[in-house]
Amino acid sequence: MNRRKTTSRGTSAAMKISHQPPRLLIVHIAVPSWVDICPNLCEALQNFFSIACSLMGPSRMSLFSLYTVQNQHECVLPFVQVRGNFIRLQACISELRMLQVEGCHRPPHALLPLAIEDGLQQFKQYSSHMASSAAQPWTSLEITVLTSRPGKEVVKELEEGLKDINLLSVRRLQVAEVTKGIQERSDSPSPTEEPSNDESSILEADIVLETLDNDVVSMEVFFKAWLHNSETDQENIHLLLTPQSLPPPSRAKDHPICLKCDLQERFLSPSLLPGTADGVSRIDDPKGDISTLYQMASLSSDSPYKLQVVKALKSSGICESLTYGLPFILRPTSCWQLDWDELETNQQHFHALCHCLLKRDWLLLARGEPLIPKHNQSLPACSFYVITPSHSLTLLVKLVATRELMLPGFFPLLSEDPPEDSLKIIESTLDSLDLGLTYNPLHVGSHLYSHLSSAHAKAQGRLYTSCASRGLRKGGQLQTNRVRAAVVPLPVAPAPRRALKMTAASKASSAAFLPSDLEEEEEECPSHT
């Protein structure tokens, strides 16, 4: 993986993206809802990992582990690297899908805390084993409990069962309650939204409770939140509202307005995915990892990247053909290093800015802080951005072209009255189209999931064939290419009905975790852990 060189004085945004916390998913199985939840959950996980395992650039998801809780807690998948491991994750999802035909019973209340405790032990063992080889060892993880039981009951169960457990290595503990009906989900917050301050969000034990609709799209959106940069050590952007061209006495008296913001992607760049139709276009991703505004923010490692507002524009005063690249979202920062008063004031000012811009029908034109390379006396180039308000507590940021980039264009104006015959033909054609009020991307699919899943399967087949051939040439016989990992999973007693199946599964798991005897071959054939 190619990374940009950054100064050693701070941790860049790119490095933060590449060191996202490991994640432990605990699926809480109960009848009769599991029969309805299982197909949606498995399809959502399959779709999510087809994307997560394919993303180029800094890794957005490091380790993943899966537990199930029904009559007992069971480690279905020990901690494994996500990137390049789609085939193994797919096998894990197939294992999960089989649970729907084996019969499920209401699990004892003590099993969820036991699963969390077991997962924590696995994580500590894996981390201690990898500490010597990892550039940045993992010190904390995020745990998500997916359940169809009432979320508040599960939270109380966890609070009681975990009160004597050391949770210092748990960065976030989340309970996602899968709801059943349409009426329930109308009052539930979106999984991508910040939890509110009522009793159904952050409870006494710092357990985050969210509700989740029982459909594939909602679950996909929930899991894709894991791909966001979740670091809160430092705000990403400083938005300077007072123009520098004004004399000092005019700059908002003695207190120039600076809004501290976090940066969030609106969608994934197609250039991060192999084989996509837009993958050859690198206008916004010159090195194929993160787009321009993220590049600037990541290179500005000593302090947050600065956007200096130059002027205000009427919303109708800019042509859409002049904007380019991926849009980004600015939100009020949630940096933990700021005190509560500063966070609250910053959010209030951000809210007021959105309100005023909407009321005045204005946009903002801002200049990005030029990054001056060391030992370079020339004036560095800078970028300009258009900032658009929204009715949510966010601002949309898009790159806008400057004089140096413009090409001449002379376009004839429309005449007032087109030919009558042509007008009738086109109007008739347009009337035959379905008219939608809005565009919802969640209702439009491009078959990307199936394309990526197929590509992973083909790549895995080629890798195994190549490694097997080299094994024949070296040892004179075909050897199995096994996946290496760090530690043997903690023993979990299999259920009577699954004893035969788990015997085979444990052999596969042991082959995956015990050191391989193919040391030389691993140097040539990359591991999928």
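Here, residue 1 is the first one in the sequence, and each next residue gets the next number.
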- Message: If you apply the rule side-chain contact (heavy atoms from CB on, under 4.5 Å), what do you find for Leu268 with Leu326, and how did you get there?
- Response: CA-CA 9 Å; Leu268 294 169; Leu326 294 184; over 6 Å; no
- Task: Please report the C-alpha distance between Val175 and Leu146 in whole Å, then the side-chain angles of each, then the deciding distance to 0.1 Å, and finally whether the side-chain contact (heavy atoms from CB on, under 4.5 Å) criterion is met.
- Result: CA-CA 6 Å; Val175 173; Leu146 194 74; over 6 Å; no
- Query: Where do Ser334 and Asp262 land on the side-chain contact (heavy atoms from CB on, under 4.5 Å) test, with the steps shown first?
  - Reply: CA-CA 7 Å; Ser334 56; Asp262 290 335; 3.4 Å; yes
- Query: Would Ser454 and Ser450 count as a side-chain contact (heavy atoms from CB on, under 4.5 Å) if you check the C-alpha gap in whole Å, the side-chain angles of each, and the deciding distance to 0.1 Å?
  - Reply: CA-CA 6 Å; Ser454 176; Ser450 58; over 6 Å; no
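For His351, the NE2 atom is loosely surrounded, since the number of other residues' heavy atoms within 6.0 Å does not exceed 12. Around atom NE2 of His349, no more than 12 heavy atoms belonging to other residues, nucleotides or ligands sit under 6.0 Å away.
Remark: Arg60 engages Glu265 in a salt bridge, criterion side-chain N to carboxylate O under 4.0 Å. Ionic pairing of Glu177 and Lys152 is not present here: no N-O contact between side-chain nitrogen and carboxylate oxygen is shorter than 4.0 angstrom. With respect to Glu210 and Arg172, a salt bridge is recorded, a charged nitrogen being found less than 4.0 Å from a carboxylate O.
Pairing each heavy atom of Cys53 with each of Leu89, the nearest pair is SG-CD1, 3.6 Å. Taking every heavy atom of both residues into account, Ser50 and His456 meet most closely at O-NE2, 3.6 Å. Nearest heavy-atom pair, Pro389 versus Leu395, reported as atom, atom and distance to 0.1 Å: CA-CD2, 3.7 Å. When all heavy atoms are compared, the tightest approach of Gln81 to Tyr126 is NE2-OH, 4.2 Å. For His451 against Pro274, the heavy-atom pair with the smallest separation is NE2-O, 4.0 Å. Of all heavy-atom pairs between Val178 and Asn214, the closest is CG1-CB, 3.6 Å.
A distance-only check finds a donor-acceptor pair linking the side chain of Asn236 to the backbone of Leu263 [under 3.5 Å]. Between the Thr394 side chain and the Ser390 main chain, no donor and acceptor come within less than 3.5 Å of each other. Here the side chain of Asn85 pairs no donor or acceptor atom with the backbone of Arg88 at under 3.5 angstrom. Here the side chain of Thr345 pairs no donor or acceptor atom with the backbone of Glu342 at under 3.5 angstrom.
Between Thr144 and Phe222 there is a side-chain heavy-atom pair separated by less than 4.5 Å. Between Asn346 and Leu338, every side-chain heavy-atom pair lies at or beyond the 4.5 Å cut-off. Residues Gln174 and Ile207 have side chains not in contact (no heavy-atom distance under 4.5 Å, counting atoms from C-beta outward). The side-chain heavy atoms of Leu24 and Leu63, taken from C-beta on, include no pair separated by under 4.5 Å. Proximity of Pro21 to Leu141: side-chain heavy atoms (C-beta onward) are nowhere separated by under 4.5 Å. Counting only heavy atoms from C-beta outward, the side chains of Glu369 and Leu307 never approach each other to under 4.5 Å. Within the 4.5 Å cutoff, no side-chain heavy atoms of Leu239 are placed close to those of Cys258. Annotation: side chain of Met219 is not in contact with side chain of Glu43 (no heavy-atom distance under 4.5 Å).
Only one option out of Leu212, Ile37, Val154, Ile29 pairs with Ser148 in a side chain to side chain contact (heavy atoms under 4.5 Å, CB included); it is Ile37. Phe49 pairs with exactly one of Phe86, Phe64, Tyr449 by the ring-ring contact (aromatic ring centres under 6.0 Å, His included) rule, that one being Phe64. Each of Val69, Leu66, Thr68 was scored for a side chain to side chain contact (heavy atoms under 4.5 Å, CB included) with Ile26, with one residue passing: Val69.
The CD1 atom of Ile165 lies 8.0 Å from the CG atom of Leu120; values are rounded to the nearest 0.5 Å. Atom CH2 in Trp226 sits 6.0 Å away from atom CZ in Phe48 (nearest 0.5 Å). Summarising the geometry, atom CH2 belonging to Trp34 is positioned 4.0 Å from atom CG belonging to Leu96; distances are rounded to the nearest 0.5 Å. From Leu25, atom CG reaches atom CZ of Arg23 across 10.5 Å, with rounding to the nearest 0.5 Å. Atom OG of residue Ser65 and atom CG of residue Leu77 lie 5.5 Å apart, to the nearest 0.5 angstrom. One finds the CG atom of Leu343 at 9.0 Å from the NZ atom of Lys260 (value rounded to the nearest 0.5 Å).
Ser218 and Asp215 share a side-chain donor-acceptor pair at under 3.5 Å.
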